[in-house]
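Here is the structure we will look at, set down as structure tokens.
Here is the naming used below: chain letters follow the sequence lines, and residue numbers restart at 1 for every chain. In this text, all values refer to a predicted model and were calculated from it rather than measured experimentally.
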2 protein chains.
Amino acid sequence: MEEQNKKILLVEDDPNFGTVLKDYLMMNDYDVVHAKNGMEGFEKFKKDDYDLCILDVMMPYKDGFTLAKEIREKNTDVPIVFLTAKAMKEDVLKGYKVGADDYLNKPFDSEVLLMKIKAIMQRKATDTVADSKQFEFKIGRFDLNSKLRFLKFDGGEPTKLSPKENELLRLLALHENDLMPRELALTKIWRDDNYFTSRSMDVYIAKLRKYLKPDPNVEILNIHGEGFRLVINNQ
Amino acid sequence: MEEQNKKILLVEDDPNFGTVLKDYLMMNDYDVVHAKNGMEGFEKFKKDDYDLCILDVMMPYKDGFTLAKEIREKNTDVPIVFLTAKAMKEDVLKGYKVGADDYLNKPFDSEVLLMKIKAIMQRKATDTVADSKQFEFKIGRFDLNSKLRFLKFDGGEPTKLSPKENELLRLLALHENDLMPRELALTKIWRDDNYFTSRSMDVYIAKLRKYLKPDPNVEILNIHGEGFRLVINNQ
DNA sequence: TCTTTTGTTAACGTTAGGTTAAACATAATT
DNA sequence: AATTATGTTTAACCTAACGTTAACAAAAGA
């Protein structure tokens with residue numbers, strides 16, 4: 001069995017620092033793709049699958065946060081680490097809000113970075129890997145392609161799904177016929193669990209139910225106080 | 001609604017700092033158990049299940065690393081965050097080696113700590129794939145699915161159960177054909193044992209008897225002054 | 001008999017969820 | 001830069017679900 005190197009997307013506008021960091025990571029057996037700005041970073045992200053993104057916060061045109069948000073719309077799971085100029089508390093908090101896994105204050109120790117990367121990769125490894133790789137689902141007479149964010153009925157014209165619609169339906173599908181806890185969706189998709197995000201989720205459930213109406217054998221049931229259940233009656 | 005707070009084990013020998021931190025976390029809806037040293041920390045860890053451990057590194061007798069190692073031997077999954085005195089690189093690296101998820105340099109910003117905790121909890125939010133064994137019961141001609149909270153008769157249409165109905169029937173099923181003491185249900189389900197909760201429980205027993213009526217071989221008997229007994233006559 | 005415990009039904013108050021529409025935010029287009 | 005399209009959150013209103021309590025009846029034990 002051939003151990004595949006982990007792939008890292010590094011987005012850093014400082015050419016010197018970026019190159020040094022890239023080389024250092026490659027020396028430590030990571031495959032690194034280096035983008036010089038936010039735009040390029042997003043292009044490269046769309047073209048490939050990465051195990052980790054390291055984003056500089058301060059970049060011209062498109063800063064690290066904006067990029068992170070775009071990345072999160074495409075992929076809720078990939079770990080993101082920010083490089084912040086100094087101990088800017090605001091930046092750190094903002095980073096976590098857009099779904100960062102960690103941050104590092106520049107200048108930082110390269111060994112510490114390596115350890116952080118290792119720790120993050122390990123966490124991911126213990127997470128349900130099988131789940132994150134699954135992007136296509138058969139839901140009754142529907143086909144959900146979660147990567148392209150569309151839903152087909154009877155193989156006809158696909159309906160486009162918004163990022164949130166897509167993620168929610170995907171989570172439900174992953175738990176097909178079983179309980180999908182409210183809390184899970186809220187922490188995974190909304191990254192926060194409060195009254196308003198909860199109501200927001202209910203709104204999305206309503207939207208999904210509309211989409212799924214054409215097939216009477218598919219329904220989203222509520223389990224009061226617990227969550228939802230995507231039931232597929234196959235007859 | 002019984003949204004369970006996340007439980008944190010905080011091991012910190014400085015009594016002032018420890019108390020302040022504990023209060024701050026509790027203000028933010030975490031259940032916190034505070035241990036004053038490594039030994040006590042390990043004792044408390046063994047006695048309960050925690051969602052997160054926050055360990056001070058510098059402690060007399062047993063330092064945070066040693067404690068972390070012991071914790072890891074018992075549990076490979078629980079997230080651990082270290083509090084290090086300052087940016088001691090050695091400490092940070094050592095921390096990651098014993099399986100830390102993150103670290104914080106003292107003094108640290110409390111909001112940043114909160115965000116880190118949130119981020120860590122969210123990662124862990126990935127499905128607690130509870131074994132279905134514990135949640136499925138055969139009760140005469142009924143099937144109880146305690147996770148999805150429904151009761152099926154002869155494999156037909158499932159009847160939805162409310163949380164309390166479900167818990168109560170599950171407790172009875174766990175004690176099948178045996179005494180299920182009143183007090184047990186009251187403390188486990190109602191978390192209080194007084195006249196009113198007791199009457200409330202009787203109301204639920206009545207509801208359950210109605211649900212179970214279709215199978216004459218299943219009944220809930222009362223043992224005066226003691227509790228109830230779910231009897232299943234298999235002929 | 002008389003007291004305590006249990007059985008049962010109905011009424012009530014509270015919270016969670018379903019749904020729609022408006023407000024707000026952001027990205028895309030002109 | 002201004003406008004339009006798209007996505008998301010917030011607000012509002014309504015219904016359903018749930019749990020508690022009260023009230024009265026029946027049974028058990030003393």
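Proximity note for B:P163 (side chain, C-beta onward) versus D:dA22, D:dC18, C:dT20: the nearest is D:dC18. Of the candidate nucleotides C:dT26, C:dA21, D:dT21, C:dT26 has the atom lying nearest to any side-chain atom of A:K69. When the nucleotides D:dG7, D:dT20, D:dT9 are ranked by their closest atom to the side chain of A:S162, D:dG7 comes out on top. Out of C:dT9, D:dT9, D:dG19, the shortest distance to the side chain of A:W190 is found at D:dT9. Taking only side-chain atoms of B:K164, from C-beta outward, the nucleotide of D:dG19, C:dT9, D:dT8 with the closest atom is D:dG19.
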Protein-nucleic acid N or O pairs under 3.5 Å, nucleotides 3-7 of chain C:
from  : atom 1 : to     : atom 2 : distance (Å)
C:dT6 : OP1    : B:G225 : N      : 2.7
C:dT6 : OP2    : B:R182 : NH1    : 3.1
C:dG7 : OP1    : B:R209 : NH1    : 2.9
C:dG7 : OP1    : B:R209 : NH2    : 2.8
C:dG7 : N7     : B:R199 : NH2    : 2.8
C:dG7 : O6     : B:R199 : NH1    : 3.1
C:dG7 : O6     : B:R199 : NH2    : 3.2

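Computed from coordinates, the A:K74 NZ to D:dG7 C1' distance equals 14 Å when rounded to whole Å. When the P atom of C:dA27 is taken as reference, atom CD1 of A:I71 falls 14 Å away, rounded to whole Å. Residue A:K97 contributes atom NZ, which lies 16 Å from atom C1' of C:dA25 at whole-angstrom precision. Rounded to whole angstrom, the span from the CD1 atom of A:I189 across to the C1' atom of D:dT9 amounts to 15 Å. Whole-Å rounding puts the B:E167 CD to D:dG19 P distance at 10 Å. Taking atom CG on B:D193 and atom P on D:dT20, their separation rounds to 14 Å, with Å as the unit. We find that CG of B:N166 is positioned 10 Å from P of D:dG19, with the value rounded to whole Å. Atoms CZ (A:R72) and P (C:dT26) sit 18 Å apart, rounded to a whole Å.
Taking only side-chain nitrogens and oxygens, B:R149 comes nearer than 4.0 Å to OP1 or OP2 of D:dC18. Regarding contacts with the backbone of D:dC18, every side-chain N or O of B:K160 stays at 4.0 angstrom or more from both OP1 and OP2. At least one side-chain nitrogen or oxygen of A:K210 sits closer than 4.0 Å to the OP1 or OP2 atom of C:dT20.
Using a cut-off of 4.0 Å between Lys/Arg side-chain N and Asp/Glu carboxylate O, B:D193 and B:R182 are scored as not salt-bridged.
By the side chain to side chain contact (heavy atoms under 4.5 Å, CB included) test, B:D192 pairs with B:N194, B:T197, sequence neighbours left out.
Using a 4.0 Å heavy-atom criterion, one finds that B:S200 contacts the bases of the nucleic acid, with or without backbone contacts as well. When heavy atoms are screened at a 4.0 angstrom cut-off, A:K207 is found touching base atoms of the nucleic acid.
Residues B:L114 and B:L25 have side chains in contact (heavy-atom distance under 4.5 Å, counting atoms from C-beta outward). Residues A:N75 and A:D49 fail the side-chain proximity criterion, which asks for heavy atoms closer than 4.5 Å. Using a 4.5 Å heavy-atom cutoff, the side chains of B:M201 and B:L186 are in contact. With a 4.5 Å cut-off on side-chain heavy atoms, B:M121 and B:Y30 count as touching.
Pairs of residues two or more places apart, or lying in two chains, that qualify as ring pair (Phe, Tyr, Trp, His ring centres under 6.0 Å) and include a residue from residues 148-172 of chain A are A:F142-A:F153.
A donor-acceptor contact closer than 3.5 angstrom is absent between the side chains of A:T84 and A:D91.
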